[in-house]
Protein chains: 2
Amino acid sequence: MDTSLRRTLHDRGLRMTPQRQLVLDAVRELQHATPERICEQVQRVAPAVNITTIYRTLDLLEGLDLVWHTHLGHGAPSYSSQAHEHVHLVCHRCGGLTEIPPEELIDLTARLRDRFGFVLNPSHLALSGRCVQCPEPEGS
Amino acid sequence: MDTSLRRTLHDRGLRMTPQRQLVLDAVRELQHATPERICEQVQRVAPAVNITTIYRTLDLLEGLDLVWHTHLGHGAPSYSSQAHEHVHLVCHRCGGLTEIPPEELIDLTARLRDRFGFVLNPSHLALSGRCVQCPEPEGS
DNA sequence: TTAGGTGCAAACTTTTTGCCTCCGA
DNA sequence: TCGGAGGCAAAAAGTTTGCACCTAA
């Protein structure tokens, strides 16, 4: 049970529902999950929940800043909750994912805020480049 | 005409074609363009070129490290060429895109390389957060 | 002549929309 | 009873595949 979710929803004239709680729980539990994966998880508890509801609820929760999505690689987007504290390094070549501690971005976060007024979300960030295992392309 | 493209292709037993040149030109010219947008651009010169060819060619060029794609927001991915030297700040709230000079990432690039062996591609990077115009969410 | 490359159509996956019904304030 | 929510089906959007034909080495 998530009283704060109920409150947040109520403050905006929205209702708390079991589906919304279940989707939020699933995102928090799974981390980096696609909508389809989240749907499977929710349906373990409530098999009747439709994928449409998953999409609508993810949109809603994202609007409330409770969840977040990025495209870590090709294909479907990946949803996470604020709780997940990692920076992601995505290799554009092999698609590999490396997680590093968010402290690595403290300096950058401060600089972007001071200079551009941009509040970086360091806990959910994908940086793209080439990982250790992948060879350097020719001619560079 | 792009002799280096011809050479790169030839070295791998692949052929140079007008379509490949046109797609590369379109990516370089448009920057941040979706496959569909690139297709339109190519079709100005060669109306018969099919969207399938655009997808296949973008895949090919990406494999050659000549172009690059990210998902800047919802929906279709966005292709750019190496030539495009900007860092992108994407607001997760309004979807707005801010471009900042790549120099802002010099420190981070060096650190990631030294500590994790990860070669950041600073010329094509999307950092996600909240931009100046968008209000801070409640409760934070 | 042979393999690469393209166009075209169809299939497929992922996401969104419309509509009807249900339910709680 | 009124508007928010969800289920279901269909549509839309985005991407991939199969196949025939064409072309350059």
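This one's a predicted model, so the numbers in the text were calculated from it and none came from an experiment. Below, chain A is the first sequence line, B the second, and so on; all start at residue 1. Just the heavy atoms: all of them, side chains too, but no hydrogens, waters or symmetry mates, feed the values below.
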Peer 1: Tell me the interatomic distance from R37(B), atom CZ, to dG14(D), atom P, rounded to whole angstroms.
Peer 2: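 Spelled out: CZ on R37(B) to P on dG14(D) is 14 Å.
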Peer 1: Are side-chain heavy atoms of T34(A) and Y79(A) found at a separation under 4.5 Å?
Peer 2: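 No. Closest side-chain heavy atoms not under 4.5 Å.
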Peer 1: What is the distance from CZ of R6(B) to C1' of dA24(D), rounded to the nearest Å?
Peer 2: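 Atom CZ in R6(B) sits about 11 Å away from atom C1' in dA24(D).
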Peer 1: Got a donor-acceptor pair under 3.5 Å from the side chain of R56(B) to the base of dG4(C)?
Peer 2: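 Answer is no: no donor-acceptor pair is held.
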Peer 1: Ignoring the backbone of R15(B), work out which of dT6(C), dG6(D), dT23(D) is nearest its side chain.
Peer 2: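 Within the option list, the nearest is dT23(D).
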Peer 1: Taking atom P of dT16(D) as reference, at what distance in whole Å does atom CG of N50(B) sit?
Peer 2: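 After rounding, the reported distance stands at 14 Å.
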Peer 1: In whole angstrom, what separates L58(B)'s CG from dG14(D)'s P?
Peer 2: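 So the two atoms are 15 Å apart, to the nearest Å.
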Peer 1: By the 4.0 Å heavy-atom rule, please label L14(B) as base, sugar-phosphate, or nothing.
Peer 2: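 Result for L14(B) = sugar-phosphate.
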Peer 1: Side chains of L89(B) and E99(B): does their closest heavy-atom pair fall under 4.5 Å?
Peer 2: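 Not in contact.
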Peer 1: May I ask you to evaluate whether T52(A) reaches the phosphate of dG6(D), defined as a side-chain N or O under 4.0 Å from OP1 or OP2?
Peer 2: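 For dG6(D), neither OP1 nor OP2 has a side-chain N or O of T52(A) closer than 4.0 Å.
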Peer 1: Taking the minimum atom-to-atom distance to the side chain of P35(B), which one of dG5(C), dT15(D), dT14(C) wins?
Peer 2: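 Nearest to the side-chain atoms of P35(B), counting from C-beta on, is dT15(D).
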Peer 1: Answer yes or no: is there a donor N or O on one side and an acceptor on the other, between the side chain of R113(A) and the main chain of L108(A), under 3.5 Å?
Peer 2: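 Between the backbone of L108(A) and the side chain of R113(A) there is no qualifying donor-acceptor contact (under 3.5 Å).
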Peer 1: Which comes earlier along DNA chain D counting from the 5' end, the contact point of E36(B) or that of R20(A), where each point is its nearest nucleotide?
Peer 2: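 Of the two residues, R20(A) wins.
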Peer 1: With respect to the phosphate group of dG7(C), does any side-chain polar atom (N or O) of T53(B) fall under 4.0 Å of OP1 or OP2?
Peer 2: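 Yes, T53(B) has a side-chain N/O under 4.0 Å of OP1/OP2 on dG7(C).
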Peer 1: Taking only the side-chain heavy atoms of P77(B) (C-beta and beyond), determine which of dG6(D), dG14(D), dG7(C) contains the nearest atom.
Peer 2: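 Nearest to the side chain of P77(B) among the choices is dG14(D).
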Peer 1: Can you check whether T17(B) has a side-chain N or O nearer than 4.0 Å to OP1 or OP2 of dG4(C)?
Peer 2: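 So the side chain of T17(B) is outside the cut-off, no N or O lying under 4.0 Å from OP1 or OP2 of dG4(C).
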Peer 1: Please determine if D65(A) and R130(B) form a salt bridge, counting it only when a charged side-chain N lies under 4.0 Å from a carboxylate O.
Peer 2: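 No, D65(A) and R130(B) are not salt-bridged.
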Peer 1: Can you see if the side chain of Y55(B) gets near the phosphate of dT15(D) - specifically, an N or O under 4.0 Å from OP1 or OP2?
Peer 2: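 So the side chain of Y55(B) is within the cut-off, an N or O lying under 4.0 Å from OP1 or OP2 of dT15(D).
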Peer 1: Can you measure L22(A) atom CG to dG6(D) atom P for me and round it to whole angstrom units?
Peer 2: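 In whole Å, dG6(D) P lies 11 Å from L22(A) CG.
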Peer 1: Indicate whether the side chain of Q31(A) and that of S81(A) have a donor and an acceptor atom separated by less than 3.5 Å.
Peer 2: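 Q31(A) vs S81(A): donor-acceptor pair found between side chains.
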Peer 1: In whole angstrom, what separates H10(B)'s NE2 from dA3(C)'s P?
Peer 2: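 For the pair H10(B) NE2 and dA3(C) P, the rounded distance is 17 Å.
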Peer 1: Taking atom C1' of dG14(D) as reference, at what distance in whole Å does atom CG of D59(B) sit?
Peer 2: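 Rounding to the nearest Å, CG of D59(B) and C1' of dG14(D) are 13 Å apart.
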Peer 1: Nearest heavy atom decides the nucleotide; on that basis, is I51(A) or T57(B) closer to the 5' end of DNA chain C?
Peer 2: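 Checking each residue's closest nucleotide, the 5'-ward one belongs to T57(B).
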Peer 1: What is the distance, rounded to the nearest whole Å, between atom CD1 of I54(B) and atom C1' of dT6(C)?
Peer 2: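 One finds 11 Å between C1' of dT6(C) and CD1 of I54(B), rounded.
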